[in-house]
Number of protein chains: 2
Amino acid sequence: MVTHAELMNISAGWIRVLNIMNELESSPRDFGTGDLLHCSEIHTLMVIGKNPDVNVTNLATLLGISKSAISQMITRLARKGLVERYKCPENEKETKLCLTPRGTIAFLGHEQHHAIIFTRMQEKLGIMTTEQYEFLIRVFHAIEETAKEFKDSQG
Amino acid sequence: MVTHAELMNISAGWIRVLNIMNELESSPRDFGTGDLLHCSEIHTLMVIGKNPDVNVTNLATLLGISKSAISQMITRLARKGLVERYKCPENEKETKLCLTPRGTIAFLGHEQHHAIIFTRMQEKLGIMTTEQYEFLIRVFHAIEETAKEFKDSQG
DNA sequence: TTATATTGTTAAACTGCTTAACAATATTGG
DNA sequence: CCAATATTGTTAAGCAGTTTAACAATATAA
């Protein structure tokens, strides 16, 4: 059983973690193409890479932001030569999206980057037991659900 | 011992948690004063509340943002009547900061808000053993340290 | 006492989002 | 079949929150 002070420790630790993740995401990064890509840009590339030939509306839904925001983001990524807009012959109104070869390089670079981060984290953490794994998943769920409640209640 | 798929699960869960926290923080909230305060605003109030009579430069350091950003933020919070700038008699160049009574209400409202969130999370999580507590703290540390490494290496 | 450092403010620019207005294309209902 | 409606995407304007650069005022050091 855990003391109040220890619970406060968790709360403080959690806030520190959120802050540092925020900081980490605030500076752009090169994923192997020579471009410095902001977090939201590489995130968009990832979703396009994992959902080939997605259209603007679906991409907006997948990313949880407005179509307008996507449209602007795609214009930026297309200007950098990482993404291409195209039309299917059977449909004149949809704009579909795909990665260019350079976009694919960034996509793979980012996957690798994630893998490296994750490996390093595992090294620090040591081997995880099944009990620990299950506990961690429960923690994530608890955070998610609590956040959702508060989002609905007063957002 | 945990499988690769389970590790991927953790990674995905972590990203979902970060996304929802981000969403949660994107909409302003009333902490008992009638003002809708954005995340960065209440965060600034918290740091001033916990560091009475802090000056602009130190506040910038504590929050990890530029003095310019603080200056602008303080102007906004002062306009809302939550924070006050003042000068010490012995020093003409420093601007010190304190919460107004209304700022203090928001400060306490936010603390309470955090307490409620944390209680709800505990309810969902159930009673935590000491082993689980220690594991969680280790996870937070691993995340923090890994993030710091990447921040230093290529930021 | 002049040069330098520290402290804070302001202006301009940028990212990344939103809403609103719009244009083009598809679908539907009479 | 065609007019009304829905869907899809783009653009413009605006906001939050940051940065850098230029600046002014004050304090410290040489």
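A, B, ... follow the sequence lines: proteins, then strands. Residue 1 opens every chain.
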Participant: Per the atom types in the model, does the base of D:dG9 pair as donor or acceptor with the side chain of A:K93 at under 3.5 Å?
Facilitator: no
Participant: What is the separation between atom CG on B:N91 and atom C1' on C:dT6, rounded to the nearest whole Å?
Facilitator: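 The distance from CG of B:N91 to C1' of C:dT6 comes to 10 Å, rounded to the nearest Å.
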Participant: By nearest atom, which of the nucleotides D:dA16, D:dT18, C:dC17 is closest to the B:H38 side chain?
Facilitator: D:dA16
Participant: In whole angstrom, give the distance that lies between atom CZ of B:R79 and atom P of C:dT10.
Facilitator: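 Going from B:R79 (CZ) to C:dT10 (P), I get 11 Å.
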Participant: Under a 4.5 Å side-chain heavy-atom rule over Ile, Leu, Val, Met, Phe, Trp and Tyr, are B:V47 and B:F107 clustered together?
Facilitator: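 Same cluster.
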Participant: Decide whether B:L125 and A:L7 are clustered together by the hydrophobic rule: side chain heavy atoms of Ile, Leu, Val, Met, Phe, Trp, Tyr closer than 4.5 Å, transitively.
Facilitator: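 Yes: a chain of side-chain contacts under 4.5 Å links B:L125 to A:L7.
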Participant: Tell me, do A:R102 and A:D35 make a side-chain contact under 4.5 Å, heavy atoms counted?
Facilitator: yes
Participant: May I ask you to evaluate whether A:T57 reaches the phosphate of D:dG9, defined as a side-chain N or O under 4.0 Å from OP1 or OP2?
Facilitator: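 It does, given that an N or O in the side chain of A:T57 lies less than 4.0 Å from OP1 or OP2 of D:dG9.
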Participant: Closest approach to the side chain of B:S40, judged atom by atom: which nucleotide of D:dT18, D:dT19, C:dC17 is it?
Facilitator: D:dT18
Participant: For A:E90 and A:M73, take the nucleotide of DNA chain C holding the closest heavy atom to each; which residue's nucleotide lies nearer the 5' end?
Facilitator: A:M73
Participant: For C:dG16 and A:R76 - does any side-chain N or O of the residue sit under 4.0 Å from the phosphate oxygens OP1/OP2?
Facilitator: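 Yes, because at least one side-chain N or O of A:R76 sits under 4.0 Å from OP1 or OP2 of C:dG16.
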Participant: In whole angstroms, how far is the P atom of D:dA16 from the CD1 atom of A:I65?
Facilitator: 19 Å
Participant: Consider the side chain of A:E94, meaning its heavy atoms from C-beta on, and name the nucleotide among D:dT18, C:dG8, D:dG9 that approaches it most closely.
Facilitator: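 Among the listed nucleotides, the one closest to the side chain of A:E94 is D:dG9.
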Participant: Would you say A:I137 and A:M121 are hydrophobically clustered, going by side-chain heavy atoms of ILVMFWY under 4.5 Å?
Facilitator: yes
Participant: In terms of side-chain geometry, is the basic nitrogen of B:K124 or A:E149 positioned less than 4.0 Å from the acidic oxygen of its partner?
Facilitator: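 Yes, charged N to carboxylate O under 4.0 Å.
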Participant: Write down the distance between CG (B:L36) and C1' (D:dG17), rounded to a whole number of angstrom.
Facilitator: 17 Å
Participant: Let's see if you can work this out: which of C:dT7, D:dA27, D:dG9 has an atom nearest to the side-chain heavy atoms of B:K67?
Facilitator: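 Nearest listed nucleotide: C:dT7.
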Participant: Is there a donor N/O on one and an acceptor N/O on the other, under 3.5 Å, for the side chain of A:E92 and the base of D:dT8?
Facilitator: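 Absent.
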Participant: Check whether any side-chain nitrogen or oxygen of B:R85 sits under 4.0 Å from OP1 or OP2 of C:dG8, and answer yes or no.
Facilitator: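 No, outside the criterion.
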Participant: Assign B:S66 to base, sugar-phosphate, or nothing according to its heavy-atom contacts below 4.0 angstrom with the strands shown.
Facilitator: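 Contact class for B:S66: base.
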Participant: Can you measure B:L59 atom CG to C:dT9 atom C1' for me and round it to whole angstrom units?
Facilitator: 15 Å
Participant: Distance check needed: C:dT15 P versus A:R29 CZ, whole Å only.
Facilitator: 18 Å
Participant: B:S68 side chain: which of C:dA11, D:dT10, C:dT19 is closest?
Facilitator: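 So the nucleotide nearest the side chain must be C:dA11.
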Participant: Rounded to whole Å, how long is the line connecting atom CG of A:L77 with atom C1' of D:dG9?
Facilitator: 16 Å
Participant: In whole angstrom, give the distance that lies between atom CD1 of B:I70 and atom P of D:dT19.
Facilitator: 9 Å
